[in-house]
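See structure below.
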Amino acid sequence: ASEPAKTLVKNVWEQEKKEMRLKQKAEEMLIAWKLHRVEPSAVSFQRGEAGAKSFRNPFELEAEYIFIKSGTYQYSVTKKDVTVPDLYFAKYPVTNKRYRRFIDFLKGEEEVALRQFAESLRAKAKKDEDFKKYLSKNPKDWAGLMRSENDDDKRFNGEDQPVVGVTWFAAMAYAHWLNELQRSTSHNQQSTRVFKLPTEMEWEWAASGGARIYPWGKDDPDDKRANYGSNVGQTTPVGNYPSGATPEGLMDMAGNVWEWCENLYGEGAYTPEARALRGGSWNNTTDNLPCAARNNNHPDNQWNNNGFRLVAAGQSCPIQAIGQ
């Protein structure tokens, strides 16, 4: 963060026109150095097309969330029409850099804040016996419990790589942490967003628009559109495959990491408690890259190809019940 470095990074951010990944990295560095501030949008979730195309989350290092308009489509699992409400989808899966801030909070010195967070998270989990059991340890031990299994693995622990090796429970806890941060600072509780894992219905709608085979369209996958098939041998920094983005700009919806979804997998799961995952990963074949491809895993498992991204829903937007 020397003055010459700051000047150089600012010049890159202002002048770069073609390499959007480089421009994005420069912006993130300026934000970290407090030289640039993106004001979060105050748009209501009820404004539809008049709403902002995206907003930045100040509680998540200005992570960008992109507006996905509501719509009806034939859901691949049931072959029935379903309607998805307006949502804001995280542009990228959650990265190690952002997830480590959550772990730092869990192992921090603010005992009152941790106790309050633990009480609210346990209240949220009280209807799920597996979640209750997972949270039965002393909250002071939660940092070790929820830490990425691969945090020391050089193949997966880069700041801009998607966090992997985290349980479904930990992903749910991360979303709840963001909601608690927002609640503690919001002056208008009616306008707050609710951060959560997407349901499969929501994820598939955002990835496919109800019509696309792959997030980018119908063309076959290649190494310009996604990280798959162990071609790289590890996860790659988020946003490395702009050619594979959805028309709205969601990145890495195919390949890199499987993404935890909120709901149970249902019929065909290898265990009744299994949660659904979508998107394929760095070590899976092209068969797992279509928007309709599914996977499942026990919510307590920590695999190096499982990560997650969040959605932001309006408080008045219906949330699909678990299992639907």
Side-chain angles (χ1 to χ4, degrees), residues 45-49 51 53-54 65-93 168 171 194 196-222 225-226 228 241 243-270 272 274-281 284-297 306-314 316-324:
F45 277 80
Q46 304 306 311
R47 288 173 59 185
E49 291 183 346
K53 292 183 178 179
S54 68
Y65 284 72
I66 295 176
F67 181 68
I68 304 297
K69 184 173 173 52
S70 64
T72 300
Y73 76 109
Q74 186 181 88
Y75 181 43
S76 64
V77 178
T78 62
K79 309 302 181 185
K80 296 180 179 179
D81 286 351
V82 296
T83 299
V84 177
D86 288 349
L87 293 168
Y88 282 86
F89 256 75
K91 185 175 183 177
Y92 308 111
W168 178 88
V194 177
K196 70 184 196 73
L197 292 178
T199 65
E200 283 189 273
M201 291 180 188
E202 293 164 347
W203 194 99
E204 187 176 321
W205 170 248
S208 72
R212 297 185 296 274
I213 298 175
Y214 301 102
W216 56 84
K218 64 180 181 180
D219 293 339
D220 291 338
D222 57 34
R225 291 189 171 96
Y228 65 94
Y241 298 86
S243 297
T246 69
E248 295 83 6
L250 300 180
M251 299 281 192
D252 294 1
M253 294 290 277
N256 219 7
V257 292
W258 285 104
E259 299 177 10
W260 285 116
C261 290
E262 184 182 63
N263 59 281
L264 291 164
Y265 186 82
E267 185 178 354
Y270 81 95
R275 302 288 167 166
L277 298 114
R278 290 292 187 118
S281 77
N284 287 117
T285 67
T286 55
D287 293 341
N288 298 114
L289 299 184
C291 300
R294 306 175 73 206
N295 198 358
N296 69 97
N297 208 338
N306 289 357
F308 69 100
R309 86 173 69 211
L310 299 182
V311 299
S316 61
C317 291
I319 304 224
Q320 296 290 341
I322 290 176
Q324 292 187 341

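Residues take their numbers from the sequence shown, with the count starting at 1.
- In this structure, Glu259 CD and Asn295 CG are separated by 12.5 Å, a value rounded to the nearest 0.5 Å.
- Annotation: the span from Ile68 atom CD1 to Asp86 atom CG amounts to 10.0 Å, rounded to 0.5 Å.
- Counting only heavy atoms from C-beta outward, the side chains of Arg278 and Arg294 approach each other to under 4.5 Å.
- Between Asn288 and Tyr228 the shortest side-chain heavy-atom distance does not fall below 4.5 Å.
- Under a 3.5 Å cut-off, the side chain of Tyr65 and the backbone N or O of Leu87 do not form any donor-acceptor pair.
- Looking only at side-chain heavy atoms (C-beta outward), Trp168 and Leu197 come within less than 4.5 Å of each other.
- Here the closest non-hydrogen pair linking Gly244 and Pro215 is O-CB, 3.8 Å.
- With a 4.5 Å cut-off on side-chain heavy atoms, Trp258 and Asn306 count as touching.
- With values rounded to the nearest 0.5 angstrom, Thr246 atom OG1 is found 6.0 Å from Arg212 atom CZ.
- Ring geometry, Trp216 versus Tyr214: the interplanar angle falls under 30°, so the pair is classed parallel (tilted spans 30 to 60°).
- Atoms SG and CE, from Cys291 and Met253 in turn, are 7.5 Å apart once rounded to the nearest 0.5 Å.
- Leu264 contributes atom CG, which lies 10.5 Å from atom CG of Asn296 (distance to the nearest 0.5 angstrom).
- For the atom pair CH2 (Trp260) and CZ (Arg275), the distance works out to 9.0 Å, reported to the nearest 0.5 Å.
- Between Ser54 and Lys91, the closest side-chain pair of non-hydrogen atoms is not below 4.5 Å.
- Heavy atoms only, all atoms of each residue included: Ala226 and Leu289 are closest at CB-CD1, 4.5 Å.
- In plain terms, the two heavy atoms of Pro198 and Trp203 that are nearest each other are CG-CD1, 4.0 Å.
- In this structure, Arg309 fails the cation-pi test against Phe89, since its NZ or CZ atom is not both closer than 6.0 Å to the six-membered ring centre and inside 45 degrees of the ring normal.
- Asn263 is not listed as a side-chain neighbour of Met201, based on a closest heavy-atom distance of 4.5 Å or more.
- Tyr270 and Asn297 share a side-chain donor-acceptor pair at under 3.5 Å.
- Residues Thr286 and Pro290 approach most closely at O-CD, 3.3 Å, considering heavy atoms.
- Between Ile66 and Leu250, some side-chain heavy-atom pair lies under the 4.5 Å cut-off.
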